[in-house]
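Okay, so here's the structure we're looking at.
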Amino acid sequence: MSKSKYDPIFEPIKIGNVEIKNRIAMAPMNMNYTGPQHYVSDQQLAYFAARAKGGTGLIITDAVFGVWHPTADTYRKYNNMRLDNELFVAGMSELAEHIHSFGAKVFVQMAVGPGRQGTSEMGAVQPVSASPIPYKTYPENLINGIEPFSMLRALGYQGELPVTDDIDELLSFANKVPGTHMNGETPREITVEEIQELVKEIGVGAKLAKRAGFDGVELHACHGYLIHSFFSHRSNRRTDQYGGSFENRIRFLLECLRSMRKYVGPDYAIGVRFSASDNLPEGFDEHFAKRLAKRCEEEGVNYIHLSDGSYEKMNNFLPNEEALTIDKSAVINQGLNIPLICPSVHNPDNVVDALTKGKADMISIGRGLIAEPEWVNKVKEGRIKEIIRCTRCNKGCISRFVLGLPCRCILNPTVGQERFIDEYMRRPILPLKKRVWQTLAEVGKEPSVPIKGLRPEDL
Ligand SMILES: Cc1cc2nc3c(=O)[nH]c(=O)nc-3n(C[C@H](O)[C@H](O)[C@H](O)COP(=O)(O)O)c2cc1C
């Protein structure tokens, strides 16, 4: 094949024992496509199939409940998939098989709970966090498309709205209306006993992920959720073994990772996603994250997946601009010996720059793959101009997600409808087809009749 400046994107990479055919991962995104009672839906199978068929090397599923614990119940507003108990293994194995049949590897992201970013709405219990400190919303940290006024109207608020352009005034008004999710409730301090229960349960969750056929499991420790709340002085004022020193603040994370390792064995891929910083006063920064990444490597973690920010710094978590986390990623990657995935680089030239300069080993793309499932294939074939580029408007995706609606995209009318498109039905499972051909050959029969769905290039 002729040389292309995009070749670095197509160099395979190994995460633990998992060989990934290129450097693009699909970032975890809950699209509100999950079926009733947290079961995988046909829409999810087809949606992921489209991105795998589009050439993405590694799919990382959205955060599934890795535990089913009263403290995690405060996220019931969002219908995440579950993999905390045997009942969900069959459905989740369909998902893994489906994605595999399109040639991508798949890791499942697992969460232990939303922490102080959960809510007692819909009858759930009071949220728990490292310490009883609520999160705040800062007007300057909002993202495109999430304006207090439109959110209030979308949530069905019919009352009068203040006549003002002052964003602080609007926010303080919006925060008084239940259901806006603008400011947090005061959480309860999680007990040591509850922490220990979560640590055990997430280990069992990882075991089920392995059984379901996923290639690896990624622990969700980012975006201000429960594990993240322990890292940050903004949210952690504990005086016990989970607060104070660096080792204490990362203890919960390491305990979860060790528990997962115990249940999946030494050869299974485990990763962790954390924010590169809080990027706010008294929060942690990328130097903390760098130390944490190194510590995870020492613990036998197989890769790090970065993100940035939290609900308090939404414009880092869901950047309004290209490659916002890449400089922090460069700092964290220096001296790290396990692969590092940096999020939110959508421009292929910036991806090549990041990979060739050692700023990251892989790139995860989220909204860019909602808009353009064929991103990888188009880059591979040099069809750069044909890439439909996400504008980071958030209109169809996150703005609808927070209202509990299925995500759409103003640039891609098929997203959310993939289940109606035949090409995203599961492909034949190759090893089985191969076995049929081999058996025919062994008994001296020419496999002259083409086997339905088997293409010559599959052999
Ligand atoms: C609708 C939506 C849902 C998301 N859900 C998750 C999630 O479940 N877990 C997670 O770690 N990040 C989640 N994210 C963040 C993405 O993984 C990603 O980091 C972010 O969108 C920035 O990358 P992008 O600019 O390529 O979209 C979500 C983002 C969106 C838009």
Side-chain angles (χ1 to χ4, degrees), residues 24-34 38 44 47-48 51 56 58-66 75 78-83 107-114 117 143-146 217-228 271-276 304-311 313-326 328-329 341-348 350-351 354 360 362-373 375 387 389-412 415-416:
I24 303 298
M26 177 173 168
M29 286 180 294
N30 184 344
M31 303 287 283
N32 271 335
Y33 298 157
T34 309
H38 310 275
Q44 278 167 317
Y47 157 77
F48 283 117
R51 278 76 204 166
T56 312
L58 172 66
I59 302 277
I60 308 174
T61 72
D62 38 316
V64 311
F65 288 118
Y75 211 51
Y78 300 113
N79 186 25
N80 298 55
M81 291 182 282
R82 278 177 67 178
L83 191 44
F107 291 172
V108 60
Q109 191 186 58
M110 291 200 140
V112 294
Q117 294 176 175
I143 55 171
N144 294 336
I146 305 263
V217 57
E218 173 174 299
L219 180 62
H220 182 294
C222 49
H223 301 153
Y225 294 93
L226 184 60
I227 298 178
H228 178 140
V272 54
R273 187 174 205 197
F274 48 77
S275 296
I304 306 291
H305 185 184
L306 291 180
S307 189
D308 208 7
S310 65
Y311 283 16
K313 193 76 184 168
M314 266 287 180
N315 55 359
N316 283 183
F317 165 4
L318 290 151
N320 293 329
E321 60 205 88
E322 167 77 358
L324 193 68
T325 315
I326 198 68
K328 290 176 187 165
S329 176
I341 309 179
C342 173
S344 203
V345 186
H346 296 181
N347 179 329
N350 295 341
V351 173
M362 286 184 83
I363 297 295
S364 68
I365 305 180
R367 290 166 296 176
L369 286 179
I370 297 179
E372 179 53 276
W375 191 99
I387 294 174
R389 299 197 180 210
C390 167
T391 59
R392 302 173 187 268
C393 74
N394 300 319
K395 285 198 171 77
C397 55
I398 203 78
S399 300
R400 286 174 58 91
F401 170 77
V402 294
L403 300 173
L405 298 171
C407 291
R408 306 271 184 251
C409 176
I410 58 163
L411 297 174
N412 178 4
V415 75

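Just follow the structure's listing: the first ligand is 1, and inside any ligand the first atom is 1. No hydrogens, no waters, no symmetry mates; every other heavy atom, side chains included, goes into these values.
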Exercise. With His305, which residues qualify under ring pair (Phe, Tyr, Trp, His ring centres under 6.0 Å), at least two apart?
Worked result: none
Short N or O separations between ligand 1 and the protein, below 3.5 Å:
| unit_1 | atom_1 | unit_2 | atom_2 | d |
| --- | --- | --- | --- | --- |
| ligand 1 | 5 (N) | Asn30 | N | 3.1 |
| ligand 1 | 8 (O) | Ala63 | N | 3.1 |
| ligand 1 | 9 (N) | Gln109 | OE1 | 2.8 |
| ligand 1 | 11 (O) | Gln109 | OE1 | 3.4 |
| ligand 1 | 11 (O) | Gln109 | NE2 | 3.0 |
| ligand 1 | 11 (O) | Arg273 | NH1 | 2.9 |
| ligand 1 | 12 (N) | Pro28 | O | 3.3 |
| ligand 1 | 12 (N) | Arg273 | NH1 | 3.2 |
| ligand 1 | 14 (N) | Pro28 | O | 3.2 |
| ligand 1 | 17 (O) | Pro28 | O | 2.7 |
| ligand 1 | 17 (O) | Arg273 | NH1 | 2.9 |
| ligand 1 | 19 (O) | Arg273 | NH2 | 2.8 |
| ligand 1 | 25 (O) | Ser344 | OG | 2.5 |
| ligand 1 | 25 (O) | His346 | NE2 | 3.2 |
| ligand 1 | 25 (O) | Arg367 | NE | 3.4 |
| ligand 1 | 25 (O) | Arg367 | NH2 | 2.8 |
| ligand 1 | 25 (O) | Arg392 | NH1 | 3.1 |
| ligand 1 | 26 (O) | His346 | NE2 | 2.7 |
| ligand 1 | 26 (O) | Gly366 | N | 2.8 |
| ligand 1 | 27 (O) | Arg367 | N | 2.7 |
| ligand 1 | 27 (O) | Arg367 | NE | 2.8 |

Exercise. Quick one: side-chain hydrogen bond (donor to acceptor under 3.5 Å, both in side chains) partners of Asn347, sequence neighbours excluded?
Worked result: none
Exercise. Hey, what's the ring geometry for His38 with Phe65, parallel, tilted or perpendicular (30° and 60° as the breaks)?
Worked result: perpendicular
Exercise. So, Arg51 side chain and Leu369 main chain: donor-acceptor pair closer than 3.5 Å or not?
Worked result: yes
Problem set entry | Those residues that, when tested against Phe274, pass ring pair (Phe, Tyr, Trp, His ring centres under 6.0 Å) (two or more places apart) | none
Problem set entry | Arg392 backbone acceptor or donor facing Asn144 side chain under 3.5 Å | yes
